[in-house]
Amino acid sequence: MSQYQAVKGTKDIFPDEAVQWQFVEGVVRWLAGLYGFNEVRTPAFEYTELFQRGIGATTDIVGKEMFSFLPDPQGRSLTLRPEMTAGVMRAALQRNLLSQAPVHKLFYISDLFRKERPQAGRQRQFTQFGAELLGVSSPAAVAEVLSFMMGVFETLGLKGLRLRINTLGDLEDRARYREALRTYFLPYADELDESSKERLEKNPLRILDSKNPALKDMIFGAPKLFDHLKPEAVEEFEEVLSLLRDRGIAYEVDHLLVRGLDYYCHTAFEVTSSELGAQDAIGGGGRYDGLARELGGGKDMPAVGFAVGMERLLIAMEKQGLLEGLKPEGPKVFVVVQQQELSGHGMQVAFQLRRAGISTELDLAGRSMKAQMREANRLGSAYALFIGQTEFESGQYGLKNLVSSEQETLGLEAVIERLREPSIQESLKG
RNA sequence: GUGAUUGUAGCUCAGUUGGUUAGAGCGCCAGGUUGUGGCCCUGGAGGUCGGGGGUUCGAGUCCCCUCAUUCACCCCA
């Protein structure tokens with residue numbers, strides 16, 4: 001084994017797997033286009049304060065999962081981005097996007113970093129695709145974002161998903177509810193587990209998230225956030241649900257759903273897959289109108305977004321056999337030379353074929369004809385082009401169809417004619 | 001951070017109560033056809049048995065340490 005191996009929680013993706021990624025990414029980009037989301041790319045690291053302010057200092061992500069470092073002893077601390085929303089919002093504020101147009105629809109496919117203990121569906125470097133809709137967060141905007149997300153799953157053919165949705169109310173609602181929760185849990189303080197005790201102080205909402213079975217009854221009896229909402233918030237939530245029904249998107253209302261990032265308000269949602277292990281959340285998101293103010297934007301900015309874990313998505317697809325048959329595309333033709341002295345001419349022919357837009361492979365290792373043919377077969381080449389002494393002299397090559405095994409003798413122009421595929425433009429017109 | 005799990009060829013794994021030069025399948029390379037692949041046959045390359053220490057006449061097999069893996073808690077995508 002090599003002296004070096006991939007860092008804990010990271011992995012290499014070789015061509016066989018890379019084509020699966022390309023397939024999913026292609027669907028994401030295609031649907032993003034249909035829904036009018038344009039790609040945004042932000043830096044892989046930001047100032048640490050951005051995440052502390054944006055995500056919330058009491059969250060696990062900020063508290064113990066960030067890869068932070070000092071670029072130099074006097075410099076400001078930097079952090080490898082653990083999620084995308086804070087960075088996108090920072091970029092939007094910095095560019096003052098909303099002064100250029102009142103609504104922006106952005107999507108991304110990006111690598112993120114979190115210092116967690118790796119397990120099934122959880123790595124330290126992972127990839128999310130997601131969308132951020134800035135400028136409006138109306139029920140229509142929420143439905144727009146959810147439709148895009150669910151549309152990706154539907155297009156990919158993924159089954160067995162659960163969409164759970166909840167409303168967290170506005171900041172005032174949450175503040176009132178926080179106090180109600182604290183009052184409720186305080187008498188039970190001794191029965192709470194360590195982490196819940198801490199949350200009681202800092203962020204009692206997240207006690208509801210606990211999966212600790214010992215706390216189940218206590219949580220069940222807790223006051224409901226829903227009862228602390230203003231009527232407008234309830235009304236708005238109903239409208240979101242109504243829009244989802246209109247679009248045939250199945251959901252379950254779950255009043256215990258609390259997202260782990262502090263910036264969410266009003267609608268929050270999460271999608272889980274039955275194909276995954278303990279880490280079954282495949283995507284999630286919600287509204288975050290207050291994030292802009294939190295980041296020094298001076299005022300709230302209506303915004304709603306989601307993020308989906310690519311690795312988890314791929315695991316679920318694999319389990320459902322949705323990735324079968326995906327493999328790197330082989331060349332159209334493999335140039336086979338009889339002997340090494342002809343390899344120079346073989347290269348010339350290969351380059352001319354490539355210039356003509358035909359994917360062409362050739363042997364670079366000076367191997368036997370048999371080995372070259374094996375290689376052509378392994379790569380899944382459609383044709384083999386034989387160049388022996390006779391062909392070299394006559395300029396008439398042997399073109400063999402590797403599926404039908406039929407072979408014909410043709411000049412280079414005729415070979416190109418036979419192998420040339422219609423260009424993309426042509427096939428689009430056709 | 002806590003708990004458990006597993007580390008033998010590129011991959012998936014066998015290796016019996018510790019006993020001579022560590023095996024299989026797949027993959028790879030070559031030959032069988034010195035001008036033609038897939039199937040088949042034959043042969044070959046490839047392993048300091050994760051690393052270190054210990055017990056023993058003898059350790060892939062037992063003990064300790066260490067590193068890594070995987071799964072779960074936690075949290076999240």
Side-chain angles (χ1 to χ4, degrees), chain A residues 1-9 11 14 16 55 58-65 82-85 108-130 149 193-196 198-199 206 209-213 257-261 269-273 276-285 305-316 330 334-339 342 363 365 367-392 397-407:
Chain A
M1 198 182 294
S2 156
Q3 186 180 353
Y4 294 107
Q5 48 191 131
V7 172
K8 182 201 286 285
K11 65 175 221 170
F14 285 98
D16 281 347
I55 303 172
T58 66
T59 60
D60 280 14
I61 292 179
V62 170
K64 53 188 187 192
E65 296 173 2
E83 56 101 52
M84 280 299 285
T85 302
Y108 57 82
I109 302 174
S110 301
D111 292 335
L112 306 174
F113 309 85
R114 261 126 90 157
K115 197 162 55 191
E116 298 187 275
R117 195 79 171 267
Q119 82 186 66
R122 189 167 78 185
Q123 300 167 210
R124 291 186 158 190
Q125 178 179 342
F126 61 103
T127 306
Q128 290 183 345
F129 78 85
M149 180 177 79
D193 55 39
E194 276 309 307
S195 61
S196 290
E198 210 178 306
R199 289 174 189 161
R206 297 187 56 240
D209 244 353
S210 176
K211 288 174 194 156
N212 186 343
L257 177 72
V258 180
R259 306 282 309 157
L261 291 72
F269 52 85
E270 186 168 299
V271 180
T272 54
S273 164
L276 268 28
Q279 308 304 315
D280 63 351
I282 205 168
F306 73 85
V308 170
M310 287 285 282
E311 288 83 359
R312 292 183 187 178
L313 177 55
L314 285 162
I315 290 169
F334 196 109
V335 174
V336 176
V337 294
Q338 186 198 342
Q339 51 209 313
L342 293 169
D363 176 55
R367 293 187 286 175
S368 69
M369 263 186 104
K370 179 174 179 145
Q372 294 177 58
M373 282 303 287
R374 253 205 311 269
E375 182 74 0
N377 196 58
R378 181 176 22 240
L379 293 175
S381 182
Y383 291 86
L385 186 75
F386 293 102
I387 304 179
Q389 193 58 36
T390 339
E391 289 82 353
F392 173 58
Y397 304 104
L399 183 67
K400 179 173 185 175
N401 181 319
L402 290 181
V403 178
S404 66
S405 291
E406 284 164 18
Q407 186 166 336

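Below, read A as the first sequence line, B as the second, and so on, with proteins coming before strands; counting in each chain starts at 1.
- Residue contacts for A:R374: at a heavy-atom cut-off of 4.0 Å it reaches the sugar-phosphate backbone alone, with no base atom in range.
- OP1 or OP2 of B:U69 lies within a sub-4.0 Å distance of a side-chain N or O belonging to A:K8.
- The shortest distance between the side-chain N/O atoms of A:Q372 and the OP1/OP2 oxygens of B:G37 is not below 4.0 Å.
- B:U6 and B:G51 are spaced 16 Å apart, taking the C1' atom of each and rounding to whole Å.
- Separating the C1' atom of B:G47 from that of B:C11 is a span of 14 Å, rounded to the nearest Å.
- Across the strands present, B:A24 finds its partner in B:U12; the criterion is a Watson-Crick or G-U wobble pair with both atom distances under 3.5 angstrom.
- Taking the nucleotide of RNA chain B with the nearest heavy atom to each of A:A371 and A:P118, the more 5' of the two is matched to A:A371.
- Both geometric conditions, a ring-centre gap below 5.5 Å and a plane tilt below 30°, are not fulfilled together for A:F386 over the base of B:G35.
- Using a 4.0 Å cut-off, some side-chain N or O of A:R367 falls inside it from OP1 or OP2 of B:C29.
- Between the P atoms of B:U69 and B:U2, the separation comes to 16 Å (whole Å).
- Annotation for A:F126 and A:P82: closest pair CZ-O, 4.2 Å, computed over non-hydrogen atoms.
- Distances shorter than 4.0 Å separate some side-chain N or O of A:R378 from OP1 or OP2 on B:C28.
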